[in-house]
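Here the structure is laid out as structure tokens; the discussion comes afterwards.
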Amino acid sequence: MVQFTGSAGNLANLYQIVDRKNIWLLELQNGAENRLSVELMQKAINPALDIVEKEHFKLRNTPPESTPEGAEYKGGALIITGLRSQSKFFCNGFILEELVNVPGLLPDIFNPLAIRLLTFPIPTIAAMNGHAFAGGYLMALACDYRVMTSGKAWASMNEIKFGAPFPHGIGALFGEKIRDPRILRETGLGYRFTPQELLKAEIVDVLADGGTEGVLAAAYILADRVSPSAAKGAYGLIKKEIYGGAVNQIKLDIRTPMPKLKL
């Protein structure tokens, strides 16, 4: 286990699942609501991605005869989930004060993270063990797959509630991952989607009973199924082509004038 800490304590833990070779679990632990803070992104999520990516390439480039089992690399997957001791929040989004007061939070910190998830060299799975609001929903959409609790949980963009327009990069991410114009419209209007609605809209791939542990069990099964996709090294390169339009739009960083927000 690798532990990532910040100014207020633990931010996240990264596990390599012992009985599932090359499956990693990143458990976000930034308080009860798992806010997508600058510290969480810079001191936990990105460093965790560094570790997983480095290990993936190391394993993929190791000749079979150099491994104890003498077997070829069979690929891998990364699961991202919320605090495992609860089943209420996957991630409750950005911290409003940081959005207002941290210059470049979206174009310089979140956008590169979204691009990295969109093009990551192994499958990424958001194990949504509770609510996913705003930045938390965006992070889940940037992953390749989404497993969500079947219980009480919502996914929503609430910017319209306090008068904030979508920055260009966020609009590009939604346009890439949500192709149904009706769902896209309701997303922009701040509708709170239930797990069942997200499954019907094909935004979520799997619903799971049993709270957080049930979500993780389903995520492990999915990870086992999709991890071989990364074995030959083309997975991330193919994603760069598939999502190239969205990636280029996110990089444009066209800044929308922001109204004065009330904190």
Nearest 0.5 angstrom please: [X] [atom1] to [Y] [atom2], how far?
| X | Y | atom1 | atom2 | result |
| --- | --- | --- | --- | --- |
| I45 | I80 | CD1 | CD1 | 6.5 Å |
| K43 | M41 | NZ | CE | 13.0 Å |
| D180 | E186 | CG | CD | 10.0 Å |
| L106 | F166 | CG | CZ | 11.5 Å |
| L40 | R35 | CG | CZ | 12.0 Å |
| F90 | M139 | CZ | CE | 4.0 Å |

For [X] and [Y], work out which heavy atoms get closest and say how close.
| X | Y | result |
| --- | --- | --- |
| A208 | V147 | CB-CG1, 4.5 Å |
| P123 | Y145 | CB-CE1, 4.2 Å |
| A223 | A77 | CB-CB, 3.9 Å |
| Q86 | K88 | OE1-N, 2.8 Å |
| I250 | A172 | CG1-CB, 4.1 Å |

Is there a path from [X] to [Y] through hydrophobic residues (I, L, V, M, F, W, Y) whose side chains come within less than 4.5 Å of each other?
| X | Y | result |
| --- | --- | --- |
| I79 | L141 | no |
| L36 | F120 | yes |
| I122 | V247 | yes |
| F193 | W154 | no |
| M128 | F133 | no |

Report yes or no: does [X] contribute a side-chain atom to a donor-acceptor pair with the main-chain N or O of [Y] at less than 3.5 Å?
| X | Y | answer |
| --- | --- | --- |
| S150 | L207 | no |
| N34 | L28 | yes |
| T124 | D144 | yes |
| D205 | R146 | yes |
| K177 | L138 | no |
| N46 | Q42 | no |
| E98 | L105 | no |
| N129 | L83 | yes |

Legend entry - Test: K58 cationic atom under 6.0 Å from Y73 six-membered ring centre, within 45° of axis: no

Legend entry - Note, P195 side chain near V204 side chain (heavy atom, < 4.5 Å): no

Inset, instruction - Could you tell me whether the side chains of N30 and S37 share a donor-acceptor contact shorter than 3.5 Å? - result: yes

Inset, instruction - Indicate whether any N or O donor in one side chain lies under 3.5 Å from an N or O acceptor in the other, for Y15 and E27. - result: yes

Inset, instruction - Answer yes or no: is there an ion pair linking K232 with E72, defined by an N-O contact shorter than 4.0 Å? - result: yes

Legend entry - Ion pair check, R116 and E53, cut-off under 4.0 Å: yes

Inset, instruction - Please assess F4 against I51 for the test side chain to side chain contact (heavy atoms under 4.5 Å, CB included), listing each intermediate value before the final yes or no. - result: CA-CA 12 Å; F4 304 94; I51 292 171; 3.9 Å; yes

Legend entry - E202 atom CD: more than 12 heavy-atom contacts under 6.0 Å: no

